[in-house]
Amino acid sequence: MHTDTNISLQPFHFFASEEQAKYFTVIKNKEDVTDAIEWCHEQNLPLLILGSGSNVLFTQNYPGLVAKMEINGIKKINESATEVVLEVGAGENWHHFVSYCVHKGWGGLENLSLIPGTVGASPIQNIGAYGVEVHECIQQITAFDTVSKEWVQLSKQACKFGYRTSLFKEYTHRYIITQVQFVLQKQPQLKTDYGAIRDMLHEKGIKHPNLESVSNAIVQIRTQKLPDPKILGNAGSFFKNPAVSKSQYEHLQEQFPTIIAYPISDDSYKIAAGWLLESCGWKGIKKGNVGCYEKQALVIVSYGIRSGKEVFDFSEEIIHSVANKFKVALEREVNIY
Ligand code: FAD
Ligand code: NAP
């Protein structure tokens, strides 16, 4: 196995801070996965799998092996009159894969257009946007289980998908995902309930949307609202929308009538974390080399950080201010190393 030593991680993650990996390698096939695990075991070093680095923050040099996932390929493994099943390599670019499905007329993932990242990372936090979560289209996952030391096929149920969470968040770094199987629909049911999608389709004069127009609308909304990571380093929403009980939500609503929240079950609500930050005055605030994006407070942006610690410290301040004002605990969505 080829490894590079003391490699700057700057080109490999979206915050682009200057931490280094002690060792670095690239994974092109399943054999590379087992080689990397064996190598780390022999050296007694930790292993970190990296996709495109759009959801990580490095706050220190990584003391082990960083392995960049580059297993590619899109393979049709089944097709019926209504569905198609695809097996996709973990290193495939997420948006390219979504565009491929949209182009073929296969529905299910169009609302997840333009989310950065790789296919293999999509189940980790069960990526979601505009009312769709990736688990809705996942059938099975191939992964190496570093505890039992064997290849496993995980069914959708075994993956324990939840709101921005999964088995892979519960057992961090236990599973190395190499392939994901998706089921796509040939007669797709479009989901255009989110206000922003409806408004954009209306603005464009589209009365009868299809896969392509929904995907294009989302690309346009996201391009307008989110910072370009190549210009302002960021990892998307830095915090999760906190879930609270119905009674806690009702109490908050009495105190803060403009609060934005949505039910997630009969007795729980998710509060829009962006609204919490905005209400604490964070939107557009810049401190040193870090700030909250001017169009969406939930996105912490870098104005040229050298260390991810700068972002981490800034996020601590935000957590404290939200806890003080609302008695709500914010949890980071971004993976911290
Ligand atoms: P990385 O950042 O490289 O890794 C993320 C985590 O997954 C790490 O812990 C890593 O170790 C682990 N991992 C990666 N690949 C594997 C693998 N093959 N096997 C095992 N573990 C692995 N997320 C949403 O849910 N919805 C959004 O709408 C959204 N919008 C975003 C917008 C912007 C501008 C940005 C920058 C981010 C956004 N995100 C969003 C977050 C991010 O795009 C997703 O979490 C994405 O799936 C991360 O993919 P990645 O390949 O970059 O993962
Ligand atoms: P938004 O439309 O301003 O909405 C704010 C919050 O309210 C969102 O977090 C969303 O929850 C919730 N919401 C809005 N309409 C809803 C509805 N009809 N039903 C249920 N919940 C609703 O959000 P935004 O910041 O512009 O983002 C748009 C979408 O892209 C969201 O789905 C968001 O999750 C996703 N996004 C995610 C990231 C990330 O890094 N995770 C980054 C950018 C955008 P949900 O978040 O649960 O959808």
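Residue numbers start at 1 and run along the sequence shown. Counting convention: from 1, in listed order, for ligands and their atoms alike.
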*Find all atoms of ligand 1 within a distance of less than 4.0 Å from any non-hydrogen atom belonging to F14, and give their numbers and elements.*
36 (C)
*For K246, does the NZ atom have more than 12 heavy-atom neighbours from other residues, nucleotides or ligands under 6.0 Å away?*
no
*Contact check: I124 vs ligand 1, nitrogen or oxygen atoms, below 3.5 angstrom*: no
*asked:* Other residues, nucleotides and ligands only: do more than 12 of their heavy atoms fall within 6.0 Å of OH on Y303?
replied: yes
_Using a 6.0 Å cut-off, check whether atom CG of N44 has over 12 heavy atoms from anything other than its own residue._
no
_Point-to-point distance, once rounded to the nearest 0.5 Å, from OG of S321 to CG of L277_ = 6.5 Å
*With a cut-off of 4.0 Å, which atoms of ligand 2 are near a heavy atom of L226?*
43 (C)
*Are any of the N or O atoms of Y194 closer than 3.5 Å to those of ligand 2?*
yes
*Run the numbers for me: atoms of ligand 2, each under 4.0 Å from some heavy atom of R164, listed by number.*
34 (O), 45 (P), 46 (O), 47 (O)
*asked:* Other residues, nucleotides and ligands only: do more than 12 of their heavy atoms fall within 6.0 Å of CD on E317?
replied: yes
_So does Y130 get a backbone contact from the side chain of N111, meaning a donor-acceptor N/O pair under 3.5 Å?_
yes
*Please state which protein non-hydrogen atom is closest to atom 14 (C) of ligand 2 and give its distance, to 0.1 Å?*
Y262 OH, 3.3 Å
*Can an N or O of Y337 be found at a distance shorter than 3.5 Å from an N or O of ligand 1?*
yes
_Parallel, tilted or perpendicular: which one describes the rings of F314 and W282, with boundaries at 30° and 60°?_
perpendicular
*If hydrogens are left out, which of Y130, W275, F238 has an atom nearest to atom 31 (C) of ligand 2, that is, the closest non-hydrogen atom?*
Y130
*asked:* Can you tell me how far apart CG (L109) and CD (E133) are? Round to the nearest 0.5 Å.
replied: 12.5 Å
*What do you reckon, does G128 have a nitrogen or oxygen under 3.5 Å from a nitrogen or oxygen of ligand 1?*
yes
*What about T118: any of its N or O atoms under 3.5 Å from an N or O on ligand 1?*
yes
*Consider every N or O of R222 and every N or O of ligand 1, then say whether any pair is closer than 3.5 Å.*
yes
*Would one find more than 12 heavy atoms of other residues, nucleotides or ligands at under 6.0 Å from atom NE2 of H41?*
no
_atom 1 (P) of ligand 2: the protein heavy-atom neighbour that sits closest, reported with distance to 0.1 Å_ = K225 NZ, 4.0 Å
*At a non-hydrogen distance cut-off of under 4.0 Å, which region of N241 contacts ligand 2 (side chain, backbone, both, or neither)?*
side chain
*asked:* Under a 3.5 Å distance rule, please check whether S166 uses its side chain to pair with a backbone N or O of Q125 as donor and acceptor.
replied: no
*Close-contact set for ligand 2 against E333 heavy atoms, below 4.0 Å*: 39 (C), 40 (O), 41 (N)
*Do N61 and E19 have side-chain N/O donor and acceptor atoms under 3.5 Å apart?*
no
*asked:* Does either side chain, that of D267 or that of S265, offer a donor lying less than 3.5 Å from an acceptor on the other one?
replied: yes
*Which residue holds the protein heavy atom closest to atom 11 (O) of ligand 2, what is that atom called, and what is the gap in Å?*
K270 NZ, 3.1 Å
*Heavy-atom contacts with G236 under 4.0 Å: which atoms of ligand 2 show up? List them by number with element.*
40 (O)
*So with a 6.0 Å cut-off around NZ of K325, is the heavy-atom count from everything else above 12?*
yes
*Give me the ring orientation class for W94 and F182: parallel if the planes are under 30° apart, tilted from 30 to 60°, perpendicular past 60°.*
tilted
*Using distance alone, determine whether G53 and ligand 1 share an N or O pair under 3.5 Å.*
yes
*Pick whichever of I127, V301, I27 has a heavy atom sitting closest to atom 44 (C) of ligand 1.*
I127
*For atom 53 (O) of ligand 1, which protein heavy atom lies nearest, and how many Å away is it?*
A121 CB, 3.4 Å
*In the protein, what heavy atom is nearest to atom 6 (C) of ligand 2, and what distance, to one decimal place, separates them?*
A272 CB, 3.9 Å
*Which residue supplies the protein heavy atom nearest to atom 36 (N) of ligand 2, what is that atom called, and how far is it?*
R222 NH1, 4.2 Å
*For atom 42 (C) of ligand 1, find the nearest protein heavy atom and state the residue, atom name and distance (0.1 Å precision).*
S54 OG, 3.3 Å
*In terms of atom number and element, which parts of ligand 1 are under 4.0 angstrom from non-hydrogen atoms of G117?*
49 (O), 50 (P), 51 (O), 52 (O)
_Below the 3.5 angstrom mark, is there an N/O of I176, backbone or side chain, next to an N/O of ligand 1?_
no
_Protein heavy-atom partner closest to atom 40 (O) of ligand 2 - residue, atom, separation in Å_ = S237 N, 2.8 Å
*May I ask you to identify the nearest protein heavy atom to atom 2 (O) of ligand 1, giving residue, atom name and distance to one decimal place in Å?*
N55 N, 2.8 Å
*Would you mind listing which atoms of ligand 2 come within a distance below 4.0 Å of any non-hydrogen atom of Q296?*
24 (P), 25 (O)
*If hydrogens are left out, which of Q125, Q296, K225 has an atom nearest to atom 23 (N) of ligand 1, that is, the closest non-hydrogen atom?*
Q125
_Residue-ligand contact K240/ligand 2, heavy atom below 4.0 Å_ = no
*Can you pull out the closest protein heavy atom to atom 40 (C) of ligand 1? Residue, atom name and distance to 0.1 Å, please.*
I115 CG2, 3.8 Å
_Expected output: side-chain R164 to main-chain G128 donor-acceptor under 3.5 Å_ = yes
*K75 atom NZ, over 12 foreign heavy atoms within 6.0 Å*: no
*For atom 19 (N) of ligand 1, what is the nearest protein heavy atom, given as residue, atom name and distance?*
I177 N, 3.0 Å
*Which is it for Y163 and ligand 2 at heavy atoms under 4.0 Å: side chain, backbone, both or neither?*
side chain
*Identity and distance of the protein heavy atom lying nearest atom 16 (C) of ligand 1*: I49 CG2, 3.7 Å
*asked:* Take a 6.0 Å sphere around CZ of R306 and say whether it holds more than 12 heavy atoms from other residues, nucleotides or ligands.
replied: no
*Is L50 in polar range of ligand 1, meaning some N or O pair under 3.5 Å apart?*
no
*What is the closest protein heavy atom to atom 46 (C) of ligand 1, and at what distance does it sit?*
P116 O, 3.5 Å
*Between N216 and S213, do the side chains contain an N or O donor and an N or O acceptor separated by less than 3.5 Å?*
no
_Can a side-chain donor-acceptor contact be found between N241 and Y163 if the only test is distance below 3.5 angstrom?_
yes
_Could you identify the single nearest non-hydrogen protein atom to atom 35 (C) of ligand 2 and state the distance to 0.1 Å?_
A129 CB, 3.7 Å
_Shortest protein heavy-atom distance from atom 5 (C) of ligand 1, along with the residue and atom involved_ = N335 ND2, 3.7 Å
*asked:* Regarding ligand 2, does Q125 bring an N or O atom to under 3.5 Å of one of the ligand's N or O atoms?
replied: no
*Of Y262, F326, F239, the residue whose pairing with W275 passes ring-ring contact (aromatic ring centres under 6.0 Å, His included)*: F326
